[in-house]
There are 2 protein chains.
Amino acid sequence: MTYSIGEFATIVGVNKSALRYYEMEGLITPLRNENNLRVFTDSDIGWVQFLLHLKASGMSMTELKNYTEWRAMGDKTIPERLDLLEQRKRLVELEIQALQQNLDILNRKIVFYKDQFEGNKYEFVLYPKDKEEIAKS
Amino acid sequence: MTYSIGEFATIVGVNKSALRYYEMEGLITPLRNENNLRVFTDSDIGWVQFLLHLKASGMSMTELKNYTEWRAMGDKTIPERLDLLEQRKRLVELEIQALQQNLDILNRKIVFYKDQFEGNKYEFVLYPKDKEEIAKS
DNA sequence: ACTTGCATTAAAGTTAACTTGAAGGCCTAT
DNA sequence: ATAGGCCTTCAAGTTAACTTTAATGCAAGT
């Protein structure tokens, strides 16, 4: 099965212009048909999806380019690719930790504000300003 | 205790120019001394550090500005601040989840490459290309 | 033949959040 | 009094990763 750039863009969820940009940067190398239109294949889907995961894990365009070049050079560059992946793994682990700490701080502030709100409500219930209201109730 | 912009920048770990930018955006309102120099106080430290946590949790300048304005308006805006914090909390939780999934994918690829590397080593040991080597050994 | 809808390239524009640069002022030590 | 080191404002520059625009072309349907 093959796909036009528009079809492929829909499948992988990436803007057509972004795909052209990725080609320009060497991340993908779609074939061309007799009219010079890009032709994408099923195996491109897997590759782009993997690239998107690397990207979502924080890799820069430069790193993605390196990885792609190494991949094109064959198995002898597996150590380089492993290094890059392991480095990224460590960075993602650190980022997750940092986010969790920030989440803690958000939670503490949320609890603080809620306590304050509950405190207000409670005070309102126990000590309404107009004491006549209590007498009437 | 009070601090010049340079001292304060060192304390909170933020570029002086960024602090000026934050003031321009209304996130901080340092006093000025008789020579028009900014004067920061200890309470500014806590506030900026909190802002930095919000920022590190992914809040945009616009959101930080909203939060800051609400804070300046007093307790009646606590619900708005709570909404913003809880929304951010949900987003951070989602981002942590996404990062963990990407970490899984990194790990799978790392294992895959390592297996391949081990596989090569193993094959080399078991089936050296030159069978004469075995005879000699 | 003409419109519609897809594609092409190359170049310029966008965005956020700063950062840098230029031109200058005030204070202190030599 | 001059040099160094801090500060000031305002404007312009930076960066990555696209996105948009302009000018064009091919091909299928009416």
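What's counted below: heavy atoms across the whole structure, side chains too, no hydrogens, waters or symmetry copies. The chains referred to below are lettered A, B, ... by the order of the sequence lines, with proteins before strands, and numbering in each begins at 1. The structure presented is a predicted model; accordingly, all values stated were derived computationally and were not measured.
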With sequence neighbours left out, what residues match [X] under salt bridge (charged side-chain N to carboxylate O under 4.0 Å, His left out)?
X       : value
B:Arg88 : B:Glu63
A:Lys65 : A:Glu25
B:Glu93 : none
A:Arg32 : A:Glu23

Between [N] ([atom2]) and [X] ([atom1]): distance, integer Å:
X       : N      : atom1 : atom2 : answer
A:Arg20 : C:dA11 : CZ    : C1'   : 14 Å
B:Tyr22 : C:dC18 : OH    : C1'   : 8 Å
B:Ile5  : C:dC26 : CD1   : C1'   : 16 Å
A:Glu25 : C:dT9  : CD    : P     : 14 Å

A:Thr10: what forms a side-chain contact (heavy atoms from CB on, under 4.5 Å) with it, not counting sequence neighbours?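 Scan of A:Thr10 (side-chain contact (heavy atoms from CB on, under 4.5 Å), adjacent residues dropped) gives none.
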Test: ring pair (Phe, Tyr, Trp, His ring centres under 6.0 Å). Region: residues 5-29 of chain B. Which pairs qualify, not counting sequence neighbours? B:Phe8-B:Phe40
Does anything in residues 74-105 of chain A form a ring pair (Phe, Tyr, Trp, His ring centres under 6.0 Å)? List the pairs, not counting sequence neighbours.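 As it turns out, there is no ring pair (Phe, Tyr, Trp, His ring centres under 6.0 Å) pair with a partner in residues 74-105 of chain A once direct neighbours are skipped.
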Any non-hydrogen side-chain atom of A:Lys16 less than 4.5 Å from a side-chain atom of A:Arg38?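 No - every pair of side-chain heavy atoms lies 4.5 Å or more apart.
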Going by heavy atoms closer than 4.0 Å, what residues in residues 27-57 of chain B are next to DNA chain C?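 The answer is B:Asn35, B:Lys55.
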Is the backbone N or O of B:Thr41 less than 3.5 Å from a side-chain atom of B:Asp44, with the two atoms forming a donor-acceptor pair by type? yes
Can you work out whether A:Glu7 or B:Met59 has the more 5'-proximal nearest nucleotide on DNA chain C? A:Glu7
Tell me which donor-acceptor pairs under 3.5 Å the side chains of residues 104-111 of chain B have, and how far apart each pair is, sequence neighbours excluded?
unit_1	atom_1	unit_2	atom_2	d
B:Asn107	OD1	A:Lys89	NZ	2.9
B:Asn107	ND2	B:Leu103	O	3.4

Tell me, please, the opening and closing nucleotides of DNA chain D, 5' to 3', among those with an atom under 4.0 angstrom from a non-hydrogen atom of chain B.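 The contacted stretch runs from D:dC7 to D:dT9.
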Using distance only, find each side-chain donor-acceptor pair of residues 47-59 of chain B under 3.5 Å and give its atom names and separation, not counting sequence neighbours.
unit_1	atom_1	unit_2	atom_2	d
B:Trp47	NE1	B:Leu27	O	2.8
B:His53	ND1	A:Asn102	OD1	2.8
B:Ser57	OG	B:Leu54	O	2.7

Let me check the geometry of the helix from C:dA1-D:dT30 to C:dT30-D:dA1. What is the bend angle between the axes at its two ends, five pairs each, to 10°?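 The end-segment axes of the helix from C:dA1-D:dT30 to C:dT30-D:dA1 are tilted 20° relative to each other.
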